[in-house]
Amino acid sequence: MSLNAWIIALNPENPVALELKRTLEGQGIVAQIQPAVDGRKQMPALQGRERLSQDKAVIYRRMPLTSAEVGCYLSHYRLIQQAYDQGLSHICLFEDDVVAEPGLGDLLRGIVQLDENAHLVRLMSLKIRKRKIVQTLPAGYTLVRPLRGAVGTQGYVLNRAGMKKVLDFGATVYMPVDKLYDNFFLYGLNCFSVEPHAVYEISRTTTVTKSKLAAKKNWMVEVRWRMNKLVRSIRRKLHYLAKHNEYH
């Protein structure tokens, strides 16, 4: 099985992205810089079955998505669609502000050899969660399975089954892209991580602006948000019960 690595960049001449590409190629990984969807100035136009639901966004987090958040989401979603349409068995996506740790190429080749139940493997997690150690991986890395969302889309690998799940559930946009993966229990996406981090993020000013204004607060918004949060909590617990043996 082969693995393509795509680096998402608004600026194809971004020196960090170019260095990551050289590093990956030097370790035997086919790497390309792919254009991001630019949502910095206006809301991106939707394509195909993509739908934007600001009403669901408000229910989910009490505020709408910004155009930059939608652009970031679609940057990932459309490349996953492209990889799926091309018949790829795996796709590795990187954001353009990450640097590779040693042994990344060997690690990626090891991830490709995992069984088909490893839908998504994060190469970097912003939060350390309670997790199960699954197995060792090449280059001194360990595969773990967090019980909750580990946060972040700096770098990750999706297999074909995982692509299909993300494409089907994620066609309606109403949460940031990392939350799409952190709500894995809503649509049966098996999420794993590697330890230690295989990439790290360079600190810089992000182009993905977040909404600072909550939706106009009223009792209906508050009730719908709380009910949605309760339902997701129940579904998460039911997911854990159904997969208890896998997690423990």
Side-chain angles (χ1 to χ4, degrees), residues 2-42 44 65-83 86 88 90-112 120-128 137-141 149-158 162-163 166 176-182 191-210:
S2 62
L3 176 66
N4 286 49
W6 293 347
I7 303 163
I8 306 169
L10 284 168
N11 174 16
E13 300 303 318
N14 179 339
V16 179
L18 290 171
E19 180 58 30
L20 178 59
K21 181 176 183 292
R22 285 191 291 268
T23 299
L24 290 165
E25 291 174 339
Q27 297 186 27
I29 301 297
V30 177
Q32 294 179 324
I33 295 179
Q34 297 279 11
V37 177
D38 194 346
R40 291 173 294 181
K41 294 182 179 179
Q42 61 184 11
L65 292 169
T66 66
S67 61
E69 287 174 317
V70 174
C72 179
Y73 185 108
L74 294 177
S75 296
H76 289 257
Y77 184 85
R78 290 178 184 174
L79 287 179
I80 295 168
Q81 182 72 67
Q82 182 178 328
Q86 290 180 9
L88 301 182
H90 294 76
I91 185 63
C92 181
L93 295 181
F94 293 99
E95 294 185 344
D96 65 354
D97 58 347
V98 301
V99 176
E101 294 281 17
L104 178 58
D106 289 336
L107 170 64
L108 293 177
R109 282 183 284 272
I111 290 173
V112 170
L120 181 146
V121 179
R122 271 188 167 110
L123 303 173
M124 175 182 175
S125 303
L126 294 180
K127 289 190 177 181
I128 302 300
L137 290 170
Y141 291 95
V151 186
T153 54
Q154 288 77 16
Y156 58 94
V157 179
L158 274 169
M163 292 183 221
V166 169
V177 66
D178 60 339
K179 297 302 181 184
L180 172 65
Y181 301 142
D182 289 342
C191 288
F192 297 80
S193 299
V194 300
E195 293 182 358
H197 294 165
V199 298
Y200 65 91
E201 184 178 32
I202 293 178
S203 178
R204 63 177 178 80
T205 302
T206 179
T207 59
V208 183
T209 56
K210 299 179 181 180

Q: With side-chain contact (heavy atoms from CB on, under 4.5 Å) as the test, would you mind laying out the steps for Val194 and Leu137 before giving the verdict?
A: CA-CA 9 Å; Val194 300; Leu137 290 170; 3.8 Å; yes
Side-chain touch [X]/[Y], heavy atoms, less than 4.5 angstrom:
{"X": "Val98", "Y": "Leu20", "answer": "yes"}
{"X": "Thr153", "Y": "Leu93", "answer": "no"}
{"X": "Asp96", "Y": "Val16", "answer": "no"}
{"X": "Ile91", "Y": "Leu79", "answer": "no"}
{"X": "Cys92", "Y": "Tyr156", "answer": "no"}

Q) Would you call Asp178 and Arg122 a salt bridge, taking side-chain N to carboxylate O under 4.0 Å as the test? A) no
Q: Check the pair His197, Gln154 against side-chain contact (heavy atoms from CB on, under 4.5 Å), reporting the backbone distance first and the verdict last.
A: CA-CA 11 Å; His197 294 165; Gln154 288 77 16; over 6 Å; no
Q: Go through Leu123 and Phe94 one step at a time and tell me if the side-chain contact (heavy atoms from CB on, under 4.5 Å) criterion holds.
A: CA-CA 9 Å; Leu123 303 173; Phe94 293 99; 3.7 Å; yes
Q | Non-neighbouring partners of Glu101 that pass side-chain hydrogen bond (donor to acceptor under 3.5 Å, both in side chains), sequence neighbours left out | A | none
Q: Determine whether the aromatic ring centres of Tyr181 and His76 lie less than 6.0 Å apart.
A: no
Q: Would you list the pairs meeting salt bridge (Lys or Arg N to Asp or Glu O under 4.0 Å) in which at least one residue belongs to residues 22-37, sequence neighbours left out?
A: Glu19-Arg22, Lys21-Glu25
Q. Considering all heavy atoms of both residues, which atom of Pro44 and which atom of Ser67 are nearest to each other, and what is their separation?
A. CD-O, 3.8 Å
Q. Who passes side chain to side chain contact (heavy atoms under 4.5 Å, CB included) against Arg109, sequence neighbours left out?
A. Ile29, Asp106
Q) Got a sec: does the CD of Gln86 have more than 12 other heavy atoms crowding it under 6.0 Å? A) yes
